[in-house]
Amino acid sequence: MELSSRFNFSEVDAKWSQYWVDNNLFHAEVNPDKKPYTVVIPPPNVTGILHMGHALNNTLQDIMIRYKRMRGFEALWMPGTDHAGIATQNVVERQLSKEGKTRHDLSREEFLERLWAWKREYGDTIIHQLKKLGASCDWPRARFTMDEGYSQAVRSVFIRLYKKGLIYQGEYIINWCPRCQTALSDEEAEHRELQGNLYHLRYPFQDEPDQFIVVATTRPETMLGDTAVAVNPKDKRYKKYIGKTLILPFVNREIKVISDEFVDSKFGTGAVKVTPAHDPNDFAMGKRHKLEFVNVMKPDGVLNQHAGQFEGMDRFEAREAIVEELGQLKLIEKIEPHTHAVGHCYRCHTVVEPYLSKQWFVKMEPLAKPAIEAVRKGKIKFYPSRWTKVYLNWMENIRDWCISRQIWWGHRIPVWYCVGDDHCQLACKAPIVSETVPVACPHCGSTNLKQDEDVLDTWFSSWLWPFATFGWPDSGKKDLDYFYPTASLFTAPEIIFFWVARMIMAGKEFMGDIPFSDVYIHGTVRDAKGRKMSKSLGNAIDPLEIIKEYGADALRFSLVINSGQDLFISKEKFEIGRNFANKLWNASRLVLMNIKDPDIDVDLGKLDKKALDLPSRWIIFRFYATAEKVSAANERYQFSQAESLLYEFFRGNFCDWYLELIKDRWPDPAVQKIAFGILRDTLKIMHPFMPFVTEELWEKISKEKGPLCRQSWPVVSRKLIDKNADKEMQTLMALVAAIRNVRSQWNVNPAEQIECRLITVSTKDAVLIEENTAVLKQMARLGNARIEPARIVGPATGGAKNSDTVKNAVTVLVGNIKCVIPLGGVIDVDKEKKKILGQVQEQEKALDGLAQRLKNKEFLKKAPAEIVAKEKERLTSLNARVTELRLVIASLE
RNA sequence: GGACCCGUAGCUCAGUUGGUUAGAGCGUUUCCUUGACAUGGAAAAGGUCACAAGUUCGAGUCUUGUCGGGUCCACCA
């Protein structure tokens with residue numbers, strides 16, 4: 001079989017991503033004979049292009065899905081995309097602005113048509129990229145959060161919640177993005193530390209214009225909307241002023257000094273300006289004290305007619321101007337630097353404005369309750385578990401969810417208002433909430449209805465993802481029954497509140513059941529300096545470029561092996577994956593080149609242990625141990641560990657030792673069989689991690705069995721697990737390593753054979769060495785290994801006079817075996833002795849302690865039987881160890 | 001202000017319930033290439049496991065505190 005000596009990943013990537021999809025190999029459907037294993041993809045935004053975060057997130061899902069598929073589950077990975085309201089609208093608005101237009105130059109319908117056109121053209125970009133990554137989704141099932149059916153689910157949910165009284169409309173302070181000109185939820189306002197100022201402003205009293213109350217604020221421009229100044233009722237400094245009237249500079253509004261428990265007398269001056277229309281706390285105070293609500297800002301952040309002389313200025317411009325003017329009026333006490341957290345729009349990073357407006361909200365507490373319980377009771381588990389607390393903490397302090405957005409791209413709120421006949425105006429003020437377009441006002445019969453202009457928050461559709469993707473509520477019942485609840489959800493920490501928590505609430509509320517039982521939270525991909533990767537920072541590494549340069553397997557493998565926690569990624573990190581894929585390729589090439597029988601096949605589990613030599617028993621043991629540990633790691637979402645295990649096994653055991661050991665024995669069909677069997681089964685357990693190279697190699701060796709992605713996971717054969725073989729090989733390997741070490745230090749040509757005396761203190765070791773001289777010869781290039789078993793010997797040959805110098809021979813201790821290599825050199829025997837003596841002493845101390853404990857009646861009574869047994873076992877092994885060490889010391893005398 | 005995570009080799013990190021000599025990759029140094037692979041092989045150097053106290057026969061691992069780094073939440077104007 002002719003294979004190139006380099007793994008040609010670009011060809012292989014293209015070939016298999018095509019093949020898998022063309023043959024619909026990832027399709028899953030209701031199958032009563034199999035257990036389902038379902039994962040729903042965190043739907044990427046239609047505006048998305050694959051970044052490292054996606055690459056990691058989807059690789060992890062793919063590993064699990066492929067693994068479970070091979071374990072015999074009906075594994076379904078449900079794909080799809082999210083319409084991503086603001087993000088997508090922004091993209092198209094930017095496109096428009098290049099033409100010198102805004103969305104308001106178009107009608108709503110025209111603008112939406114442009115959005116759909118954009119979606120049709122670019123919306124599947126990321127889907128294609130995911131296919132390049134090898135994502136084994138059931139692609140024909142792909143859903144979009146604005147599909148007709150999906151939209152119905154959204155409307156239906158709105159109606160249900162409205163009817164339950166869990167959706168309400170009201171005027172509250174919300175986070176407002178002046179650039180996007182829409183409301184944002186609390187989660188969509190990202191708080192970032194900003195270096196700002198705390199301005200101490202003087203508000204003069206009405207009756208004594210040269211006397212002031214000093215208030216502290218970070219946003220002086222909002223003063224124009226002040227309708228009170230508040231102090232703490234217990235604050236002695238201000239008690240006398242409560243009830244007095246102040247004159248608000250510039251606008252000359254008369255405002256009262258009020259008292260409110262909320263005010264912290266220790267902060268700032270202890271007196272706070274109250275701006276009910278521009279601050280959530282002030283809003284609450286305003287309600288409590290029935291203050292006037294003066295909104296001084298237009299939706300775009302420009303001051304309005306209530307701002308007096310500052311009307312028409314942008315909010316930040318106005319801040320400067322107001323400070324300037326106040327300074328001239330000597331109304332600024334001082335300005336001190338002040339760091340504080342300021343909300344930013346999570347889409348465009350503009351500073352958000354707390355803004356008073358009429359919005360729709362979801363009442364969250366009743367929804368949160370069952371969702372809290374589900375996690376508390378362990379029905380849903382977080383991996384790693386520490387995220388449980390984060391989730392619970394948020395859920396227990398949950399606040400109502402602002403779901404209306406003043407944009408056009410999204411699910412329009414299913415609410416209509418009657419703008420009908422005059423006589424009915426009052427009665428018709430109640431909104432008409434309806435799943436379908438209502439024909440007439442139920443109160444007055446007018447057909448003059450107007451739908452609410454706003455659309456719903458994107459997450460108001462995403463939170464239905466685990467069941468709406470199956471066609472809920474109208475269709476897909478069979479699929480839902482089978483695939484729901486899903487098994488695992490893979491996502492990043494910042495999505496817990498946005499999505500995970502809300503999906504749990506939606507699942508409980510609408511399906512009556514949790515949406516998934518496991519939530520795996522993976523790390524964030526950062527650059528080498530630990531900064532988040534982002535386009536604006538210019539530190540992003542493009543996964544597609546890595547795929548091009550190193551291959552998809554390399555990208556996957558490298559990302560995952562680094563995914564124990566947050567990942568610090570630089571381009572060189574991907575070499576490990578490329579090199580490993582190449583190694584796999586070349587090792588397979590070696591095996592294939594040496595296999596003579598084209599129909600070779602073997603079932604490792606059915607081999608007769610007694611007929612196998614030590615290296616075979618060992619490599620089989622190592623394979624099974626690896627397969628089991630990889631399974632266990634997968635089940636616990638420890639994918640980086642799984643890859644380390646595979647790496648260690650394949651390189652450290654199979655290539656570096658086993659293949660080297662059998663190098664001269666290829667003609668032996670038995671050797672061919674073992675090598676073939678191990679390689680073939682290794683491809684299986686590596687497949688979820690490196691699907692492309694393994695699939696390609698599988699085709700070369702087991703094509704008749706069909707594609708690797710549909711094969712079953714190797715079954716571990718208990719009777720072939722030989723721990724002893726492992727121990728024995730460890731001894732031989734240590735011996736070989738020691739001899740190589742000596743050769744390297746004394747610069748002996750590796751090709752040159754040397755002689756060596758191996759002196760053992762146990763017959764067991766002697767037998768082991770005798771039986772495996774071939775191994776030693778092969779790996780350590782020993783010309784002749786003489787064994788002197790069960791003898792305690794004097795100093796090494798060479799006739800050393802001083803105890804610390806042995807000339808003409810090197811003595812190396814490998815466990816209990818003394819290895820004397822006549823090369824010339826020096827070894828410090830005294831130092832060795834001291835070291836071992838120290839060990840003996842430590843062991844003896846431990847021995848005493850253990851013995852004592854095992855005599856202690858209380859310990860025996862309290863400790864579980866298995867612990868006692870374990871300790872006893874330990875005692876025996878410690879005893880043996882001490883005896884061995886003593887013998888070694890004796891041999892050094 | 002509250003919560004969480006991290007500190008182990010020059011760098012990036014493993015280290016599963018406490019237990020023999022604390023591991024890997026990269027980097028560095030030395031040697032090796034006509035037959036699987038230089039995207040390779042053999043080997044070396046490099047660690048008071050942040051610090052301190054405690055529990056224990058025994059602590060990288062458990063407890064407490066200190067220092068240093070990071071993340072999330074929160075209405076301190």
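It should be emphasised that the depicted structure is a prediction, and the values quoted were computed from it without experimental measurement. A note on names: the letters A, B, ... follow the listed sequences, proteins ahead of strands, and every chain is numbered from 1.
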(message) Just so I know, are the side chains of A/Leu56 and A/Phe639 near enough to count as touching, which here means a heavy-atom distance under 4.5 Å?
(response) no
(request) Round to a whole Å and report the spacing from CZ of A/Arg526 to P of B/C11. (result) 20 Å
(message) With a 4.0 Å cutoff (strictly under), does any side-chain N or O of A/Arg399 reach OP1 or OP2 of B/C75?
(response) yes
(request) Mind calculating the distance between CH2 (A/Trp394) and C1' (B/C72) to the nearest angstrom? (result) 13 Å
(message) Restricting to side chain to side chain donor-acceptor pair (under 3.5 Å), what partner residues turn up for A/Glu572, sequence neighbours left out?
(response) A/Ser570
Check nucleotides 12-19 of chain B for protein N or O atoms closer than 3.5 Å to its own N or O atoms and list the pairs.
residue: B/U12; atom: O2'; partner: A/Lys573; partner atom: NZ; Å: 2.9
residue: B/A14; atom: OP1; partner: A/Gln565; partner atom: NE2; Å: 2.9
residue: B/G19; atom: N7; partner: A/Arg874; partner atom: NE; Å: 3.4
residue: B/G19; atom: N7; partner: A/Arg874; partner atom: NH1; Å: 2.2

(request) Please report the C-alpha distance between A/Glu190 and A/Tyr346 in whole Å, then the side-chain angles of each, then the deciding distance to 0.1 Å, and finally whether the side chain to side chain donor-acceptor pair (under 3.5 Å) criterion is met. (result) CA-CA 6 Å; A/Glu190 285 178 345; A/Tyr346 84 136; over 6 Å; no
For nucleotides 27-36 of chain B, give me every protein contact, N/O to N/O, under 3.5 Å, one pair per line with atom names.
residue: B/A36; atom: O3'; partner: A/Arg589; partner atom: NH2; Å: 3.0
residue: B/A36; atom: O2'; partner: A/Asn586; partner atom: OD1; Å: 2.7
residue: B/A36; atom: O2'; partner: A/Arg589; partner atom: NE; Å: 3.1
residue: B/A36; atom: O2'; partner: A/Arg589; partner atom: NH2; Å: 2.4
residue: B/A36; atom: N6; partner: A/Glu660; partner atom: OE2; Å: 3.4
residue: B/A36; atom: N3; partner: A/Asn586; partner atom: O; Å: 3.1
residue: B/A36; atom: N3; partner: A/Ala587; partner atom: N; Å: 3.2

(message) Any side-chain N or O of A/His191 below 4.0 angstrom from OP1/OP2 of B/C75?
(response) no
(message) When you compare the side chain of A/Arg319 with that of A/Pro220, does any pair of heavy atoms fall below 4.5 Å?
(response) yes
(message) Could you tell me how far apart A/Leu356 (CG) and B/C75 (P) are, to the nearest whole angstrom?
(response) 18 Å
(message) Among residues at least two apart in sequence or on other chains, which ones pass side chain to side chain contact (heavy atoms under 4.5 Å, CB included) with A/Ser558?
(response) A/Phe574, A/Ile576
(request) Please check if any side-chain donor atom of A/Asn586 sits under 3.5 Å from a side-chain acceptor atom of A/Ser588, or the reverse. (result) no
(message) Say we look at B/C75 and B/U17: how far apart would their C1' atoms be, to the nearest angstrom?
(response) 45 Å
(request) Round to the nearest Å and state the distance from A/Ile496 atom CD1 to B/C5 atom P. (result) 13 Å
(message) How many whole angstroms separate atom CH2 of A/Trp657 from atom P of B/G41?
(response) 13 Å
(request) Could you tell me whether A/Arg578 contacts a base, only the sugar-phosphate backbone, or nothing, with contacts defined as non-hydrogen atoms closer than 4.0 Å? (result) base
(request) Scan A/His200 against the nucleic acid and name what it touches under 4.0 Å (heavy atoms): base, sugar-phosphate only, or nothing. (result) nothing
(request) Indicate yes or no: does A/Glu261 engage A/Arg288 in a salt bridge with an N to O separation below 4.0 Å. (result) no
(request) Considering only atom P, compute the distance from B/G68 to B/A22 and round it to an integer number of Å. (result) 31 Å
(request) Using the C1' atom as the reference point in each nucleotide, state the distance between B/U8 and B/A14 in Å, no decimals. (result) 10 Å
(request) Pick the P atom in B/G7 and in B/U12, then give their distance to the nearest Å. (result) 12 Å
(request) Rounded to whole angstrom, note down the C1' distance from B/U48 over to B/A59. (result) 14 Å
(message) If I take atom CD in residue A/Glu193 and atom P in nucleotide B/C73, what distance separates them, rounded to the nearest angstrom?
(response) 12 Å
(request) For B/G60 and B/U16, measure between their P atoms and round to the nearest Å. (result) 12 Å
(request) Among B/A43, B/G40, B/A74, find the nucleotide with the atom closest to the side chain of A/Arg740. (result) B/A43
(request) Send over the distance from A/Asn393 CG to B/C72 C1', rounded to a whole Å. (result) 10 Å
(request) For A/Glu187 and for A/Thr217, locate the closest nucleotide of RNA chain B by heavy-atom distance; then report the residue assigned to the nucleotide nearer the 5' terminus. (result) A/Glu187
(request) Identify the two heavy atoms, one from A/Val12 and one from A/Val693, that lie closest to each other, and give their separation to 0.1 Å. (result) CG1-N, 4.4 Å
(request) Between B/G10 and B/U28, how far apart are the C1' atoms? Round to whole Å, please. (result) 9 Å
(message) Once you measure the plane-to-plane angle for A/His338 and A/His340, does it fall in the parallel (<30°), tilted (30-60°) or perpendicular (>60°) bin?
(response) tilted
(message) Looking only at side-chain N and O atoms, does A/Tyr172 offer a donor or acceptor that is under 3.5 Å from a partner on A/Asp400?
(response) no
(request) Mark yes or no for whether A/Asp186, through its side chain, and A/Trp401, through its backbone, hold a donor-acceptor pair below 3.5 Å. (result) no
(message) I want to check one thing: is the phosphate of B/A77, taken as OP1 and OP2, less than 4.0 Å away from some side-chain N or O of A/Lys273?
(response) no
(message) Less than 4.0 angstrom from a charged side-chain N to a carboxylate O is my criterion; do A/Arg219 and A/Glu353 meet it?
(response) yes
(message) For A/Asp186 and A/Phe9, find the nucleotide of RNA chain B closest to each by heavy atoms; which residue's nucleotide sits nearer the 5' end?
(response) A/Phe9
(message) Enumerate the salt bridge (charged side-chain N to carboxylate O under 4.0 Å, His left out) contacts for residues 577-587 of chain A, please, sequence neighbours excluded, ordered by first and then second residue.
(response) none
(message) Within the 4.0 Å heavy-atom criterion, would you say A/Phe497 contacts the bases, only the backbone, or no part of the nucleic acid?
(response) sugar-phosphate
(message) Checking A/Tyr647 against A/Phe580 for the ring pair (Phe, Tyr, Trp, His ring centres under 6.0 Å) test, could you report, in this order, the C-alpha distance in whole Å, the side-chain angles of both residues, the deciding distance, and whether it holds?
(response) CA-CA 8 Å; A/Tyr647 189 90; A/Phe580 190 51; 4.9 Å; yes
(request) Give a yes/no answer on whether the side chain of A/Arg386 brings an N or O atom under 4.0 Å of OP1 or OP2 in B/C4. (result) no
(request) Identify whether any heavy atom of A/Ala737 sits under 4.0 Å from a base atom; if not, whether one sits that close to sugar-phosphate; answer base, sugar-phosphate or nothing. (result) sugar-phosphate
(message) Are there runs of at least three consecutive Watson-Crick or G-U pairs touching RNA chain B, with each pair's two distances under 3.5 angstrom? Give them by first number.
(response) B:1-7 with B:67-73, B:10-13 with B:23-26, B:28-32 with B:40-44, B:50-54 with B:62-66
(request) Taking only the side-chain nitrogens and oxygens of A/Asn741, find out if one of them lies under 4.0 Å from OP1 or OP2 of B/A44. (result) yes
(message) When the P atoms of B/G41 and B/G27 are compared, how many Å lie between them, rounded to an integer?
(response) 13 Å
(request) Can you tell me the distance, in whole Å, between the CG atom of A/Asn653 and the C1' atom of B/A24? (result) 14 Å
